[in-house]
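Everything on this sheet refers to the single structure shown next.
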Number of protein chains: 2
Amino acid sequence: MEEELASETEDVDALIRSAGLRITKQRQAIARVLLDSGDHPDAEEVLERARDEDASVSQATAYRTLAVLAEKGLLDTHTFDGGVTRFELSDRPHHDHMIDIESGKITEFVSSEIEKLQREIARRHGYEIVAHRLELYCRKIDPS
Amino acid sequence: MEEELASETEDVDALIRSAGLRITKQRQAIARVLLDSGDHPDAEEVLERARDEDASVSQATAYRTLAVLAEKGLLDTHTFDGGVTRFELSDRPHHDHMIDIESGKITEFVSSEIEKLQREIARRHGYEIVAHRLELYCRKIDPS
DNA sequence: CTCCTAGTTGCAACTCATTCTCAGGAGCCT
DNA sequence: AGGCTCCTGAGAATGAGTTGCAACTAGGAG
């Protein structure tokens, strides 16, 4: 079994069906990219990777499919620092992001303490939190 | 003294000079808008308001001036939920934002506790925080 | 297995925020 | 006042993302 984390076809199809979409080879290529990605690719990167599996995937289909998956809540979207929209499967545990401003490297983290404080602050203002965005733009601590 | 918080010309000019720019009537109009705004206008809104004072301000000048002020650190920028870029003077105390997803109303808040936790998390990963973005997307708690 | 149709696709044209180009205008130092 | 730069408005250009459209196809009905 020397597979390189190539996701099973059943997972791929399940993701597409969850969004209420028909199974097509273009969507399978896109879904597989998302299932196999551990990072946060943008639409162009998803398109590029999907074309490795099926060269016929068009830009329009990539954008359209990503939009539907995001709308159905199957994908989370991020626009770090006003850049392009990046995607990530939403079936994973919640987390926030730390962005290395020098390398662009993204580290994920969670803090139940911060989450709790957020809910308290919102309640104090008469609100309940529907979603939140917490991004830390950081620099490696110079060890000198 | 029935002024409607019309900022003094000296403040307006000081802001422009701080950015290393020459004083022009277009920039004065833009700077005055920023000094008089308590909200988070985007470039088009700044342009529209600036034209009340000087109808000759062009879109290009609005974008250019805002870009320089932001670059010099005199303005903070926000792109709530992947929308357009919004501006706000940065000489005010630090704060984060709570966005009412139904009305679009923005409430500002601060939490030194959250800030402290953020620094701790970053340090644990070998980073120091250069900037951060914390946005809470909320809904009014239904009192029913 | 074939048919049929609503759902899909690629392509190119389009939108919209933002940036750039350029030729004519104006600060401001002296 | 002179003039070297910096600025300006108009419009063209850019780039991410969207959409119209005619051809194509998934997949349920028969």
Side-chain angles (χ1 to χ4, degrees), chain A residues 9-10 12-33 40-51 53-72 75-87, chain B residues 9-10 12-33 40-72 75-87 104:
Chain A
T9 302
E10 55 194 296
V12 169
D13 290 2
L15 177 61
I16 300 171
R17 287 215 181 78
S18 305
L21 297 172
R22 286 186 181 172
I23 307 296
T24 66
K25 60 188 195 308
Q26 293 90 340
R27 286 177 179 156
Q28 286 174 319
I30 291 166
R32 196 179 304 277
V33 167
H40 307 74
D42 60 29
E44 291 299 330
E45 287 165 345
V46 169
L47 173 59
E48 195 177 314
R49 296 179 198 176
R51 280 180 166 161
E53 174 170 332
D54 178 352
S56 82
V57 182
S58 71
Q59 188 199 47
T61 295
Y63 274 104
R64 273 190 287 237
T65 303
L66 290 169
V68 175
L69 293 176
E71 190 186 326
K72 297 292 180 182
L75 287 182
D76 281 340
T77 63
H78 306 287
T79 50
F80 301 128
D81 213 29
V84 297
T85 302
R86 296 179 172 281
F87 301 86
Chain B
T9 302
E10 54 195 296
V12 169
D13 290 2
L15 178 61
I16 299 170
R17 287 215 180 78
S18 304
L21 297 172
R22 287 183 181 172
I23 308 296
T24 67
K25 60 187 195 308
Q26 292 90 341
R27 286 177 179 157
Q28 286 175 319
I30 292 166
R32 195 179 305 276
V33 167
H40 307 75
D42 61 29
E44 291 299 328
E45 286 165 346
V46 170
L47 173 60
E48 195 177 314
R49 297 179 198 177
R51 280 180 166 161
D52 289 344
E53 175 171 332
D54 178 352
S56 82
V57 182
S58 70
Q59 190 195 45
T61 294
Y63 274 102
R64 273 190 289 239
T65 303
L66 290 169
V68 175
L69 293 176
E71 190 186 326
K72 297 292 180 182
L75 287 181
D76 281 340
T77 63
H78 306 287
T79 50
F80 301 128
D81 213 30
V84 297
T85 302
R86 296 179 172 281
F87 302 85

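Per chain, numbering begins at 1; letters A, B, ... match sequence-line order. Atom set for the values below is all heavy atoms of this structure, side chains included, hydrogens, waters and symmetry mates excluded.
Distance, B/Phe80 CZ to C/dA17 P: 17 Å, rounded to whole Å. The separation between B/Leu21 atom CG and D/dC6 atom P is 11 Å, rounded to whole Å. As a whole-Å value, the separation of A/Leu47 CG from C/dG10 P is 9 Å. Distance, B/Ile23 CD1 to C/dC29 C1': 15 Å, rounded to whole Å. Taking atom CZ of B/Arg22 as the reference point, atom C1' of D/dT8 lies 12 Å away to the nearest angstrom. At whole-Å resolution of the value, CZ in A/Arg17 and P in C/dT8 are 12 Å apart. For the pair A/Glu71 CD and D/dG17 P, the interatomic distance rounds to 16 Å; values are reported in whole Å. The CG atom of A/Leu66 sits 15 Å away from the P atom of C/dT8 (whole-angstrom rounding).
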Quiz item: Between A/Arg51 and A/Glu48, is a side-chain contact (heavy atoms from CB on, under 4.5 Å) present by the stated rule, with each step listed?
Solution: CA-CA 5 Å; A/Arg51 280 180 166 161; A/Glu48 195 177 314; 6.0 Å; no
Practice problem: With side-chain contact (heavy atoms from CB on, under 4.5 Å) as the test, would you mind laying out the steps for B/Glu53 and B/Ile30 before giving the verdict? | Solution: CA-CA 9 Å; B/Glu53 175 171 332; B/Ile30 292 166; over 6 Å; no
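Rounding to the nearest 0.5 Å places OG1 of A/Thr79 at 12.0 Å from CG of A/Asp42. Between the CZ atom in A/Arg49 and the CZ atom in A/Arg32 there is a gap of 15.0 Å [rounded to 0.5 Å]. One finds the NZ atom of A/Lys72 at 14.5 Å from the CD1 atom of A/Ile16 (value rounded to the nearest 0.5 Å). Considering CG of B/Asp54 and CD of B/Gln26, their distance stands at 5.5 Å, rounded to 0.5 Å. The distance from the CG atom of A/Asp13 to the CG atom of A/Leu21 is 11.5 Å, given to the nearest 0.5 Å.
When the nucleotides C/dT18, D/dT5, D/dG9 are ranked by their closest atom to the side chain of B/Gln26, D/dG9 comes out on top. Residue B/Thr24 has its side chain nearest to D/dC7 when only D/dC7, C/dT8, C/dT18 are considered.
Not a single side-chain contact (heavy atoms from CB on, under 4.5 Å) links B/Ala67 to another residue, sequence neighbours left out.
In this structure, A/Thr85 does not reach the D/dA16 phosphate: none of its side-chain N or O atoms is under 4.0 Å from OP1 or OP2. For the OP1/OP2 pair of D/dC7 and a distance below 4.0 Å, the side-chain nitrogens and oxygens of B/Arg27 include at least one atom meeting the criterion.
Checked options A/Leu66, A/Asp76, A/Leu69; the residue passing with A/Phe87 is A/Leu66 (criterion: side-chain contact (heavy atoms from CB on, under 4.5 Å)).
Positionally, the nearest nucleotide of DNA chain C for A/Arg51 lies more toward the 5' end than for the other of B/Gly83 and A/Arg51.
Comparing the helix axis at one end of the helix from C/dC1-D/dG30 to C/dT30-D/dA1 with that at the other, each defined from 5 consecutive pairs, gives an inter-axis angle of 30° (nearest 10°).
Near-neighbour residues of DNA chain D inside residues 57-65 of chain B, defined by a heavy atom below 4.0 Å, number-ordered: B/Val57, B/Ser58, B/Ala60, B/Thr61, B/Arg64.
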